[in-house]
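Note that ligands are numbered from 1 as they come in the structure, with each ligand's atoms numbered from 1 the same way. All values below come from the heavy atoms of this structure, side chains included, with hydrogens, waters and symmetry mates left out. All values reported here derive from a predicted model rather than from experimental measurement.
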Amino acid sequence: MRDQLRDKDASSRLLLKRIREIMAEPLAPQDRLDRMVGQIAQSLVAEVCSVYALRADGVLELYATIGLNPNAVHLSQLRLGQGLVGTIAAASRPLNLAEAQKHPAFEYLPETGEELYHSFLGVPILRAGRTLGVLVVQNEAHRVYGDDEAEALETVAMVIGEMIATGDLKSLSSTGVELDLAKPVTLHGAALSEGIGLGHVVLHEPRVVVTNLFNDDTEAELGRLARALSGLRLTIDDMLSRGDVAFEGEHRDVLETYRMFAHDKGWVDRMEEAIRNGLTAEAGVEKVQSDMRARMGTITDPYLRERMSDFDDLANRLLRQLISGDASHRARSLPGDAIIVARNMGAAELLDYPRERVRGLVLEHGAPTSHVVIVARAMGIPVAGHIKGVVAMANAADEIIVDGLAGQVHLRPQPDVEAAYAEKVRFRARRQAEYRSLRAEPSLTADGEPFSLLMNAGLLVDLPQLEQSGAQGIGLFRTELQFMIAATFPRAEAQERLYGSVLDAAGQRPVTFRTLDIGGDKVLPYFRNAPEEENPALGWRAMRLALDRPGLLRTQVRALLKAAAGRELRLMLPMVTELAEIDRARAMITREVKHLSRFGHGLPLKLRIGAMLEVPSLLFDLDGLMGKADFVSIGSNDLFQFMHAADRGNTRIADRFDTLGPTFLRALKSAADAARRHGTPLALCGEMAGRPAEALALAALGITTLSMSPAAIGPVKAALIRAEIGTLRQRMTDALESGSTATDIHRLIGESADSSGIAL
Ligand code: PEP
Ligand code: MG
């Protein structure tokens with residue numbers, strides 16, 4: 001048995017040796033390919049050997065053959081999925097048939113003269129998980145090809161894949177015909193951060209290009225693989241023990257899975273087999289990775305896909321380990337219009353890229369609330385997420401367009417698509433210029449009502465937007481973001497430094513700091529004491545957690561008080577559910593003030609303690625709330641989700657209910673009326689504030705201080721300065737009293753906007 005195995009390995013190796021010699025000869029591409037098919041046929045004792053290359057139009061074209069009619073080369077064509085060859089390409093799987101004609105997909109191509117041949121072995125030509133063509137051998141006799149022969153054919157197919165990928169076969173195509181590698185593709189996913197970016201692909205995890213395919217010494221290569229594997233295992237252990245997994249952008253469970261897979265015997269065996277067949281260690285890793293990626297494309301089970309992706313990441317790490325001796329990716333030069341393509345990444349990794357060179361981000365994963373997306377949004381980088389398969393499809397430096405509005409990616413776009421997008425970008429730029437020109441205009445509606453537009457922020461990278469957007473201040477500073485992108489709890493000094501920088505950047509403009517709103521969907525990976533909750537949005541979060549763990553809040557309040565010494569400090573409490581929570585928080589804050597003053601620290605000149613109105617219970621104690629809080633800000637994201645029992649992160653129900661529905665507007669109106677009665681300043685800082693139609697409705701209800709993402713300030717201001725708010729107010733009040741529907745209200749706002757020349 002052992003001897004037999006050794007014999008098989010030896011014949012595979014011999015074939016690869018011959019192929020290597022052919023590659024080294026100074027031959028024209030067609031001659032080289034012809035020599036290769038001849039050599040393969042001879043080694044596998046087959047009468048026929050043919051190569052089909054997949055073209056961009058989905059056609060498999062015969063590029064070389066021995067045994068079939070030579071005149072059929074470049075003429076014989078099959079569609080993807082048509083015949084045996086098309087089936088192999090479509091499924092990215094080999095077919096090994098003793099009686100080819102009996103296979104349901106068999107299709108006879110008269111120009112080839114292949115009717116004589118009964119047995120058939122075909123394998124996909126793969127590279128980086130993509131099928132670039134098909135390699136086939138055929139015999140007249142009813143013969144069953146062995147696994148070793150299939151393996152040998154796959155190994156040679158890999159070499160041909162390299163030839164296709166490096167453009168060697170380009171000159172063989174007729175004019176106007178492109179091979180599949182250059183095919184334009186449009187991929188659909190989720191819109192995660194708005195904007196449009198045109199540029200060139202930068203693979204976040206650069207694909208290691210394996211150029212050295214053939215091994216000279218199998219034992220030495222096996223040794224290299226073993227050493228690289230143990231290096232990889234050590235790196236993973238090290239990352240796990242360092243505990244700075246959040247910084248690496250990877251969660252602990254992913255690393256645990258990596259560790260398990262790095263010891264997976266099946267994976268290691270397959271790589272060793274490829275080396276025994278004559279490949280170098282890196283080519284062996286790549287071959288197994290390619291097989292895996294191709295299979296990944298056909299798997300629909302999300303769990304299995306995820307596991308296959310883990311193997312894929314691991315193979316990348318292993319390749320880097322083999323080639324550079326370092327499993328992490330290295331700094332590299334970036335084009336000036338980089339669109340970063342990644343499976344996923346941590347927020348800190350995005351911050352490592354120079355901002356001025358990044359035009360967009362494309363993720364295979366990513367959720368609206370994932371850290372990297374939050375940071376990208378803050379930096380104004382367009383993001384499309386859930387773009388399945390993009391990492392395998394994209395080649396470094398390919399042209400690419402990311403559409404963060406539609407959640408789409410156009411890879412290698414055709415000229416007309418590119419022109420259309422370039423026009424869109426120019427249009428948006430013109431609009432931005434128009435908004436910029438509004439910055440100096442007073443914030444007054446057409447009929448003279450003042451309004452105030454503020455921005456939401458949470459990170460240092462947000463601060464330049466304060467100037468650029470023309471915001472009158474920061475209406476919501478989400479302090480938890482600093483905690484969410486950190487690897488461990490930010491220390492008191494780091495908190496104080498951030499708050500101080502924010503106040504410095506704001507100058508005379510007001511800043512409202514919201515105390516920590518963690519829990520729910522705002523998860524801190526290092527906060528390990530948090531118990532698993534069935535309904536985290538309704539769970540131990542925000543004020544509940546802060547009051548139970550006063551140490552956290554105390555540290556934060558102290559940092560805020562110190563940072564605001566000599567200036568005004570506006571503190572806002574999130575997720576207040578009952579008024580007693582405000583009392584408890586105020587008592588605690590007062591204690592901190594006393595403590596600091598006892599130790600001679602400078603204190604804020606003015607301290608205001610406000611509350612968020614985002615839990616519906618407070619709607620039934622509005623007078624109590626307005627009497628107790630120094631100011632109130634409506635968190636419409638949460639208030640809406642809790643009023644409608646509709647998870648804000650669930651895309652399935654995202655469009656089901658309408659923020660312009662009469663029940664929600666009545667709730668907002670009652671808050672506005674109560675604030676007016678008490679003279680309590682009221683703002684709204686949820687996403688609806690940034691939508692011009694909603695902003696008009698809010699102003700009409702009497703909510704004229706709005707805090708939103710910086711990009712929304714221009715469009716909202718453009719709408720409000722043209723609005724006749726008094727008239728709209730009257731019509732809205734009538735509508736809410738007369739049982740109007742959401743559709744009626746949309747119509748009403750639409751008409752009012754039209755008559756004032758507002759583009760919504
Ligand atoms: C809200 O709930 O509307 C809000 C502004 O807070 P967050 O989105 O941070 O929960
Ligand atoms: Mg909220």
Under 3.5 Å, N/O to N/O: give me all the pairs between ligand 1 and the protein, one per line with atom names and distance.
| residue | atom | partner | partner atom | Å |
| --- | --- | --- | --- | --- |
| ligand 1 | 2 (O) | Glu614 | OE1 | 2.9 |
| ligand 1 | 2 (O) | Asp638 | N | 3.1 |
| ligand 1 | 2 (O) | Asp638 | OD2 | 3.0 |
| ligand 1 | 3 (O) | Gly635 | O | 3.4 |
| ligand 1 | 3 (O) | Ser636 | N | 3.1 |
| ligand 1 | 3 (O) | Asn637 | N | 2.7 |
| ligand 1 | 3 (O) | Asn637 | ND2 | 3.3 |
| ligand 1 | 6 (O) | Arg514 | NH1 | 2.9 |
| ligand 1 | 8 (O) | Arg478 | NH2 | 2.9 |
| ligand 1 | 8 (O) | Asn637 | ND2 | 2.9 |
| ligand 1 | 8 (O) | Arg648 | NH2 | 2.7 |
| ligand 1 | 9 (O) | Arg478 | NE | 2.7 |
| ligand 1 | 9 (O) | Arg478 | NH2 | 3.4 |
| ligand 1 | 9 (O) | Arg514 | NH1 | 3.3 |
| ligand 1 | 9 (O) | Arg514 | NH2 | 2.8 |
| ligand 1 | 9 (O) | Lys522 | NZ | 2.7 |
| ligand 1 | 10 (O) | Lys522 | NZ | 3.1 |
| ligand 1 | 10 (O) | Asp638 | OD2 | 3.0 |
| ligand 1 | 10 (O) | Arg648 | NH1 | 2.9 |

For the residue pair [Y] / [X], report whether a side-chain donor-acceptor contact shorter than 3.5 Å exists.
{"X": "Ser193", "Y": "Arg377", "answer": "no"}
{"X": "Glu694", "Y": "Thr659", "answer": "yes"}
{"X": "Gln641", "Y": "Asp638", "answer": "yes"}
{"X": "His204", "Y": "Asn344", "answer": "no"}

Exercise for review: Inspect the contact between Lys628 and Asp583 and indicate whether a charged nitrogen and a carboxylate oxygen are less than 4.0 angstrom apart.
Suggested key: yes

Check your understanding: Salt bridge between Arg567 and Asp504, side-chain N to carboxylate O under 4.0 Å?
Key -> yes

Point to revise | Sequence-distant partners of Arg491, salt bridge (charged side-chain N to carboxylate O under 4.0 Å, His left out), two or more places apart | key: Glu493

Which atom pairs, donor and acceptor, lie under 3.5 Å between side-chain atoms of residues 495-503 and protein residues at least two apart or in another chain?
| residue | atom | partner | partner atom | Å |
| --- | --- | --- | --- | --- |
| Gln495 | NE2 | Pro490 | O | 3.1 |
| Tyr499 | OH | Gln556 | NE2 | 3.1 |
| Ser501 | OG | Arg497 | O | 2.8 |

Revision key, fill the gap. Report for the Mg ion (ligand 2), protein N, O or S closer than 2.8 Å, by chain and number, lists Glu614 OE1, Asp638 OD2

Practice item. Let me know which of Arg586, Lys562, Arg554 forms a salt bridge (charged side-chain N to carboxylate O under 4.0 Å, His left out) with Glu592. Key: Arg554

